[in-house]
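Below is one structure; the comments refer to it alone.
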Amino acid sequence: MMYFLKAMRNTVWTHYDAFIADAQALSAIFMLVFFAVKSYEMMAGDKQLEVMPLLRPFGLVMVILWWPVFTRMVAFPTDIVSNKTEAMFDGSQVQINNLRLQRAQLMNEVANQLMTIQAETETAKKEADTWYENAWESVKSSVKEGFAEVWNPIVELRNRLQVSLQLLTTSMLETLALWVLRICVYVIFIVQIIFSTILIILGPFAVAISILPAFRDSFTTWVARFISVNLYSGIAYLVLYVASLFQQYAMEAEISRYQELLAGSAPMEKLVAFAGNGLLSFGMVIVTFLIGGLTMLTVPSISTWVVSTSGITSAASSMGRGASNISRMAIKMMKG
């Protein structure tokens with residue numbers, strides 16, 4: 001999916017020339033207006049001849065003529081940040097995947113142990129309260145063992161279905177939390193592609209209109225917004241890297257607890273108490289997935305901290321407020 005998003009970004013950026021000709025025509029008109037105003041000011045004696053301000057419109061026109069080169073140059077520093085943070089995230093995923101496999105194996109071992117213990121306890125219960133209450137005491141021990149050998153697999157098969165349902169529920173919840181994280185990541189990258197594409201296509205108008213003194217800051221504002229939007233990917237990978245550290249801690253903590261359940265003292269009591277929770281998971285990994293997904297929705301706000309802009313803040317403020325509201329609701333639900 002990430003490869004697809006990168007390819008889509010490179011593809012849509014090729015549509016930069018949709019309004020280049022119109023922007024060039026507007027820049028020519030605005031240059032005539034600009035020079036007319038400057039000429040009138042000098043003729044009226046309000047201002048003296050200044051060469052450097054007169055060269056500014058020519059520089060802006062050169063930016064429009066070399067628009068694809070200019071946009072790639074502005075995006076180059078943000079691409080460096082994105083590549084480095086992506087490498088950090090990819091490196092952490094190797095260890096995360098290994099821990100995930102180890103945790104899954106331990107979870108299966110706990111499930112198998114639960115199946116065996118439940119079958120043994122079910123058989124003991126049958127021996128204690130069924131039709132053979134008193135008569136069973138006179139039966140030879142070899143017959144008892146034979147009955148247990150026949151009955152245990154039957155009970156274990158039934159309990160296996162029960163434990164399998166717990167495993168299925170746990171797996172579904174973890175998959176759902178993981179997809180919440182993935183969807184949030186995909187949303188941020190798609191929003192970045194949409195915002196950056198719009199800025200690239202309509203950017204020449206911002207450059208052209210900045211020729212006029214009244215709209216002088218439109219070009220610098222566009223540059224700030226473009227840099228801020230292109231920082232989304234770098235910040236997103238950095239957030240994913242920090243979230244992967246949380247996931248690593250949560251998986252290591254759960255792995256140690258699974259190992260204690262299997263090899264610690266009094267494993268039967270601990271396993272029975274653990275199985276009573278309804279899930280074969282401690283929930284720490286699920287929570288880290290959800291926290292990572294909610295944090296991803298704050299990437300636009302974090303980007304405006306790095307590069308201060310006004311337009312992007314208003315465009316992404318609703319997303320940030322939504323993420324804050326969801327996080328507060330999740331905290332209330334956890335406390336409740």
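Among residues at least two apart or in separate chains, salt bridge (Lys or Arg N to Asp or Glu O under 4.0 Å) pairs with a member in residues 77-88 are Lys6-Glu86, Arg9-Asp79. Residue pairs meeting the side chain to side chain donor-acceptor pair (under 3.5 Å) criterion with at least one partner in residues 194-210, sequence neighbours excluded, are Trp13-Ser196.
The side chain to side chain contact (heavy atoms under 4.5 Å, CB included) search around Thr175 returns Ser171, Trp179, not counting sequence neighbours. Listed by chain and number, the residues in a side chain to side chain contact (heavy atoms under 4.5 Å, CB included) with Asp22 are Phe19, Phe205 (sequence neighbours excluded). The side chain to side chain contact (heavy atoms under 4.5 Å, CB included) search around Val180 returns Cys184, Leu290, not counting sequence neighbours.
Contact of the Asn97 side chain with the Arg100 side chain is registered, since non-hydrogen atoms from C-beta on lie closer than 4.5 Å. Using a 4.5 Å heavy-atom cutoff, the side chains of Ile20 and Gln24 are in contact. At least one side-chain heavy atom of Phe195 sits less than 4.5 Å from a side-chain heavy atom of Tyr232. Side-chain contact between Met251 and Met284: absent, with no pair of heavy atoms (C-beta onward) separated by less than 4.5 Å. Considering only heavy atoms from C-beta on, Ser92 stays 4.5 Å or farther from Gln248 through its side chain.
In this structure, OH in Tyr186 is found 9.0 Å from CG in Leu181, a value given to the nearest 0.5 Å. Atom CD1 of Ile193 is separated from atom CD1 of Ile188 by 12.0 Å, given to the nearest 0.5 angstrom. In this structure, CG in Leu99 is found 11.0 Å from CD in Glu254, a value given to the nearest 0.5 Å. Summarising the geometry, atom CG belonging to Leu199 is positioned 7.0 Å from atom CZ belonging to Phe226; distances are rounded to the nearest 0.5 Å. To the nearest 0.5 Å, atom CD of residue Gln95 and atom CD of residue Glu252 are 6.5 Å apart. Within the model, atoms CD1 of Ile291 and CZ of Phe246 stand 7.5 Å from one another, a figure rounded to the nearest 0.5 Å.
Hydrophobic clustering of Ile, Leu, Val, Met, Phe, Trp and Tyr side chains at less than 4.5 Å, counting indirect connections, unites Ile198 with Ile190. Hydrophobic clustering of Ile, Leu, Val, Met, Phe, Trp and Tyr side chains at less than 4.5 Å, counting indirect connections, keeps Val239 apart from Ile80. Under the 4.5 Å side-chain heavy-atom criterion for ILVMFWY residues, no single connected hydrophobic cluster contains both Leu26 and Leu32. Taken together through direct or relayed side-chain contacts under 4.5 Å among Ile, Leu, Val, Met, Phe, Trp and Tyr, Trp305 and Ile235 form part of one hydrophobic cluster. In the hydrophobic clustering of ILVMFWY residues, with side-chain heavy atoms under 4.5 Å counting as a link, Phe35 and Phe30 come out together.
Counting only distance, with no hydrogens or angles, the side chain of Ser218 and the backbone of Ala206 share a donor-acceptor pair below 3.5 Å. Using modelled atom types, no side-chain atom of Ser228 and backbone atom of Arg225 make a donor-acceptor pair closer than 3.5 Å. Panel note: side chain Ser303, backbone Val299; no donor-acceptor pair is recorded below 3.5 Å.
The environment of Arg56 atom CZ is dense: over 12 non-hydrogen atoms of other residues, nucleotides or ligands sit within 6.0 angstrom.
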Enumerate donor-acceptor pairs with a distance under 3.5 Å from any side-chain N or O in residues 58-78 to protein atoms, sequence neighbours excluded.
| from | atom 1 | to | atom 2 | distance (Å) |
| --- | --- | --- | --- | --- |
| Trp67 | NE1 | Ile200 | O | 2.9 |
| Thr71 | OG1 | Trp67 | O | 3.2 |
| Thr71 | OG1 | Pro68 | O | 2.9 |
| Thr78 | OG1 | Ala75 | O | 2.6 |

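Nearest heavy atom pair, residue Ser244 against residue Ile96, reads O-CD1, 3.2 Å.
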Chi angles and distances behind the side-chain contact (heavy atoms from CB on, under 4.5 Å) call for Ser233, Gln192: CA-CA 8 Å; Ser233 57; Gln192 182 205 22; 3.5 Å; yes

Thr85 vs Phe89, side-chain contact (heavy atoms from CB on, under 4.5 Å): CA-CA, chis, key distance, verdict: CA-CA 6 Å; Thr85 53; Phe89 170 69; over 6 Å; no

Mind running side-chain contact (heavy atoms from CB on, under 4.5 Å) on Ile211 and Ser27 for me, showing each step along the way? CA-CA 7 Å; Ile211 295 176; Ser27 63; 3.8 Å; yes

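Checked against a 6.0 Å centroid threshold, the rings of Tyr237 and Phe189 count as neighbours.
Here the rule is side chain to side chain contact (heavy atoms under 4.5 Å, CB included) with Leu173, and of Val285, Leu178, Ile286 only Ile286 fits it.
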